[in-house]
Amino acid sequence: MKRRNFIKNATVSGVALTGIGSVLNATASESKISNSAKFKLKYAPGLGTFREHVGDDPIENIKFMADQGFRAIFDNGLMGKSPELQEKIANELARQGMDLGPFVLYADFKTKSFVTQKPEIKDMLKDTMKKGLEVQKRTGVKTALIVPGHFDEGLEYGYQMANIIDNLRMCCDVVGPSDLKLVMEPLNAWTNHPGLILTKMPEAYMLCVAVNHPSCKIVNDMYHQQITEGNIIPNIDKCWDHIGAFHIGDNPGRNEPTTGEINYLNIFKHIYEKGYDGVLCCEHGKSLKGKEGELAFIEAYRKVDAFEV
């Protein structure tokens, strides 16, 4: 069976759409879940999202995503893959006309890193940025994710933010000539990441303004920001010029859109109408297990991408 006909013929492979209840409505038309209908925005599943259908091979995952209408992927662990595999992934994405979302370049949740001026920390950050440039050369990736690290309980908040500004500018100077964008991520301290220094969009916005470098951007993780502050659309508007990527996840549960309280249909319509052409990483789990969960994942994105334009 051709991969592009898999969803349409799911019952043949033993995956009955009607067995998923209200999540996958049996009255859904073929066109609604057809791979021929490309998504309006570049929602980017992670490599391995569809392993129940196509296994763990990254190339088969990319092919499956493309066949189902996705226009991008992301891989947080890209930096840890072999150079040969990085190039293979990049070549397949180019063949499919798909984008690659930000990979994790630096995200140590326990270390007091960007908040300090320790020479050994600054040297480590510079070396890490240079390693990120090697990944960019092999893959053409446009954005790399950084997390400024843990709060320093022994230093005033203002001094810590000044140190972050200085270290961010240093890192941007390293990657700037190659036009790699560093997207810093505010993360919630209530549910997932207690103790981090950067938790809110206004803080990230302030850092971008202060650093004043074209490589300094924000990844707006809407799951984290719903927990931390809400007000998602107004914060998108206020930070718009500095947003380099989005992360998706519903709350509570951090699963696919439509499983929680966030109105992603309205948010995606708003982002689309603002002309966004970047990647939105599907950095979340699935509300159902197995192949049913993967089908529900696809159907959820069909629903929230169904806004009128």
Side-chain angles (χ1 to χ4, degrees), residues 3-8 10 15 17 20-54 61-76 93 96-102 219-223 226 232-233 236 245-251 253-274 276-309:
R3 183 183 295 102
R4 66 174 55 250
N5 294 323
F6 186 89
I7 297 299
K8 186 167 58 179
V15 183
L17 295 181
I20 313 177
S22 60
V23 179
L24 289 178
N25 193 310
T27 62
S29 66
E30 285 188 1
S31 62
K32 188 174 182 181
I33 57 175
S34 168
N35 59 290
S36 63
K38 294 293 183 183
F39 288 104
K40 300 182 186 76
L41 289 169
K42 294 176 182 176
Y43 314 114
L47 288 181
T49 295
F50 300 107
R51 60 172 50 93
E52 294 292 335
H53 284 92
V54 293
N61 269 261
I62 291 170
K63 290 176 181 177
F64 184 86
M65 294 176 203
D67 285 347
Q68 301 314 315
F70 291 102
R71 301 165 57 205
I73 73 156
F74 85 102
D75 180 20
N76 279 343
L93 290 174
Q96 298 287 353
M98 299 173 74
D99 283 0
L100 178 59
V219 56
N220 185 344
D221 189 313
M222 292 175 281
Y223 160 76
Q226 176 69 1
I232 291 177
I233 288 178
I236 288 173
F246 287 92
H247 281 181
I248 305 164
D250 217 333
N251 182 64
R254 200 173 188 177
N255 288 316
E256 69 270 16
T258 73
T259 58
E261 65 188 359
I262 302 178
N263 190 340
Y264 272 113
L265 180 68
N266 282 355
I267 291 171
F268 290 153
K269 182 176 189 292
H270 186 75
I271 291 171
Y272 179 87
E273 289 177 343
K274 290 180 75 70
Y276 182 70
D277 192 43
V279 174
L280 302 95
C281 303
C282 309
E283 199 190 41
H284 55 74
K286 306 181 193 76
S287 58
L288 299 173
K289 295 181 179 179
K291 290 184 177 180
E292 291 89 347
E294 294 177 4
L295 293 173
F297 180 107
I298 296 169
E299 179 65 8
Y301 279 95
R302 289 290 177 216
K303 288 179 180 178
V304 294
D305 194 64
F307 51 82
E308 295 183 3
V309 297

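Atom set for the values below is all heavy atoms of this structure, side chains included, hydrogens, waters and symmetry mates excluded.
Contacts of N263 classified as side-chain contact (heavy atoms from CB on, under 4.5 Å), with partners at least two apart in sequence or in another chain: L265, N266. Partners of D221 by side-chain contact (heavy atoms from CB on, under 4.5 Å), not counting sequence neighbours, listed by chain and number: E185, Y223, H224, H247, R254, E283. Partners of F268 under the ring pair (Phe, Tyr, Trp, His ring centres under 6.0 Å) rule, at least two apart in sequence or in another chain, are Y43, Y264.
Between F64 and F50, the ring-plane angle classifies as tilted under the 30° and 60° cut-offs.
Looking at N251, I232, I233 one by one, the single match for side-chain contact (heavy atoms from CB on, under 4.5 Å) with M222 turns out to be I232.
Judged by distance alone, the side chain of K269 and the main-chain N or O of V304 form no donor-acceptor pair under 3.5 Å.
M65 is not listed as a side-chain neighbour of Q96, based on a closest heavy-atom distance of 4.5 Å or more. By the 4.5 Å heavy-atom criterion applied to side chains, V279 and I73 are not counted as neighbours. Here the side chains of C282 and E256 are not in contact, with every heavy-atom distance at 4.5 Å or above.
Of all heavy-atom pairs between R302 and G69, the closest is NH2-CA, 4.1 Å. Scanning both residues, K286 and E294, for their nearest heavy atoms gives CE-CG, 3.7 Å. Between P257 and H284 the shortest heavy-atom distance is CD-NE2, 3.9 Å. Scanning both residues, F74 and C281, for their nearest heavy atoms gives CB-SG, 3.5 Å. Between N61 and T49, the shortest heavy-atom contact is OD1-N, 3.8 Å. Closest heavy-atom contact between T258 and D250: N-OD2, 3.2 Å.
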>> Show, in sequence, the C-alpha distance, side-chain angles and deciding distance for Y301 and I248, and conclude whether the side chain to side chain contact (heavy atoms under 4.5 Å, CB included) test is met.
In response: CA-CA 11 Å; Y301 279 95; I248 305 164; 3.5 Å; yes
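Salt-bridge annotation for K42 and D277: present, with a side-chain N of the basic residue lying under 4.0 Å from a carboxylate O of the acidic one.
If you take NZ on K274 and OH on Y276, they are separated by 13.0 Å, rounding to the nearest 0.5 Å. How far CZ of R71 is from NZ of K40: 11.0 Å, rounded to the nearest 0.5 Å. Between I267 atom CD1 and L280 atom CG the span is 10.5 Å, to the nearest 0.5 Å.
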